[in-house]
Amino acid sequence: QVQLVESGGGLVQAGDSLKLTCAASGRTFSSYSMAWFRQAPGKEREFVAVVNWSAGSTYCVDPVKGRFTIYRDNTKNTVYLQMNNLKPEDTAVYYCAATSRGSLITFRAWYDYWGQGTQVTVSS
């Protein structure tokens with residue numbers, strides 16, 4: 001069982017940076033791949049980025065490549081999403097998720113544990 005709590009969202013201007021944090025409970029955190037998803041108003045929840053259990057591999061979607069970085073610290077049971085050069089289209093609720101079903105999973109249904117979400121709003 002894993003419980004996830006996100007923080008770090010807020011209201012920023014285009015071009016600004018934010019760092020989202022997801023704190024996980026549970027002694028087996030290091031065995032899970034961790035991901036960030038986001039959901040904009042009126043849209044489906046979409047995959048953003050994933051890091052595997054060892055932090056040796058990551059993957060992110062094209063719209064955020066070069067701007068967002070996902071990383072984790074297994075000693076702190078925490079995963080981060082550093083977001084730079086934010087754009088209005090990045091506005092969404094950002095969710096942290098965990099899966100033990102594989103390494104770099106992008107399929108939403110394969111994630112077993114979810115946080116409550118944190119709002120990111122980027123003004124133009």
Side-chain angles (χ1 to χ4, degrees):
Q1 188 79 7
V2 177
Q3 292 185 326
L4 306 173
V5 179
E6 303 98 332
S7 61
L11 172 62
V12 298
Q13 293 186 331
D16 285 350
S17 298
L18 277 176
K19 184 173 79 173
L20 304 184
T21 298
C22 174
S25 64
R27 293 178 293 175
T28 59
F29 173 75
S30 61
S31 65
Y32 289 85
S33 287
M34 300 296 298
W36 288 93
F37 288 74
R38 64 186 181 185
Q39 187 168 16
K43 295 188 176 181
E44 294 286 321
R45 191 172 301 187
E46 64 179 8
F47 167 82
V48 176
V50 61
V51 57
N52 74 334
W53 67 274
S54 68
S57 297
T58 63
Y59 173 75
C60 63
V61 292
D62 285 345
V64 307
K65 281 182 179 177
R67 299 189 298 122
F68 291 12
T69 302
I70 185 171
Y71 60 102
R72 65 192 292 167
D73 185 342
N74 287 342
T75 66
K76 297 181 179 179
N77 281 13
T78 303
V79 62
Y80 306 92
L81 185 68
Q82 177 65 48
M83 306 185 295
N84 298 328
N85 190 22
L86 282 159
K87 303 177 180 181
E89 52 263 43
D90 295 319
T91 294
V93 177
Y94 283 72
Y95 296 90
C96 175
T99 182
S100 60
R101 304 188 192 204
S103 182
L104 299 179
I105 302 297
T106 64
F107 190 40
R108 184 180 65 190
W110 284 28
Y111 281 83
D112 302 305
Y113 303 103
W114 294 85
Q116 82 290 349
T118 186
Q119 177 70 49
V120 172
T121 303
V122 185
S123 64
S124 58

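Heavy atoms only: backbone and side chains are in, while hydrogens, waters and symmetry mates are out.
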Qualifying salt bridge (charged side-chain N to carboxylate O under 4.0 Å, His left out) pairs with a residue from residues 93-115, counting only residues at least two apart or across chains: Glu44-Arg108, Arg101-Asp112
Quick check: is [Y] connected to [X] through a chain of hydrophobic side chains (ILVMFWY, heavy atoms under 4.5 Å apart)?
X: Tyr111; Y: Val93; answer: yes
X: Tyr71; Y: Val120; answer: no
X: Tyr113; Y: Val5; answer: no

From [atom1] ([X]) to [atom2] ([Y]), nearest 0.5 Å:
X: Trp110; Y: Ser100; atom1: CH2; atom2: OG; result: 11.5 Å
X: Phe68; Y: Leu20; atom1: CZ; atom2: CG; result: 8.0 Å
X: Arg67; Y: Gln82; atom1: CZ; atom2: CD; result: 12.0 Å
X: Thr69; Y: Met83; atom1: OG1; atom2: CE; result: 11.0 Å
X: Asp16; Y: Lys87; atom1: CG; atom2: NZ; result: 14.0 Å
X: Cys22; Y: Tyr94; atom1: SG; atom2: OH; result: 15.0 Å

Would you name the heavy atoms of [X] and [Y] that are closest together and state the gap between them?
X: Gly117; Y: Glu6; value: N-OE1, 2.9 Å
X: Ser124; Y: Ala14; value: CA-CB, 4.4 Å
X: Met34; Y: Cys96; value: CE-SG, 3.6 Å
X: Phe47; Y: Ile105; value: CE1-O, 3.8 Å
X: Val2; Y: Ala24; value: CG1-CB, 4.1 Å
X: Thr58; Y: Ile70; value: CG2-O, 3.7 Å

Test side-chain contact (heavy atoms from CB on, under 4.5 Å) applied to Leu86 and Gln13, step by step: CA-CA 8 Å; Leu86 282 159; Gln13 293 186 331; over 6 Å; no
Residues that Arg38 engages under salt bridge (charged side-chain N to carboxylate O under 4.0 Å, His left out), provided they are two or more places apart: Glu46, Asp90
Non-neighbouring partners of Asp73 that pass salt bridge (charged side-chain N to carboxylate O under 4.0 Å, His left out), sequence neighbours left out: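 In terms of salt bridge (charged side-chain N to carboxylate O under 4.0 Å, His left out), with neighbours along the sequence ignored, Asp73 is linked to no residue.
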side-chain contact (heavy atoms from CB on, under 4.5 Å) between Cys60 and Trp36, intermediate numbers included: CA-CA 9 Å; Cys60 63; Trp36 288 93; over 6 Å; no
Ser33 versus Asn52, side-chain donor and acceptor atoms under 3.5 Å: no
Test of ring centre spacing under 6.0 Å for Tyr95 and Phe37: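 Not close enough - the centres of the two rings lie 6.0 Å or further apart.
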Over 12 foreign heavy atoms within 6.0 Å of CD, Glu89: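 Correct, the count exceeds 12.
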NZ/Lys76: more than 12 non-hydrogen atoms of other groups inside 6.0 Å: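 For Lys76, atom NZ is not crowded (no more than 12 foreign heavy atoms under 6.0 Å).
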side-chain contact (heavy atoms from CB on, under 4.5 Å) assessment of Trp53 paired with Ser31: CA-CA 5 Å; Trp53 67 274; Ser31 65; 5.6 Å; no
Val79: which of Val51, Leu4, Asn74 passes side-chain contact (heavy atoms from CB on, under 4.5 Å): Val51
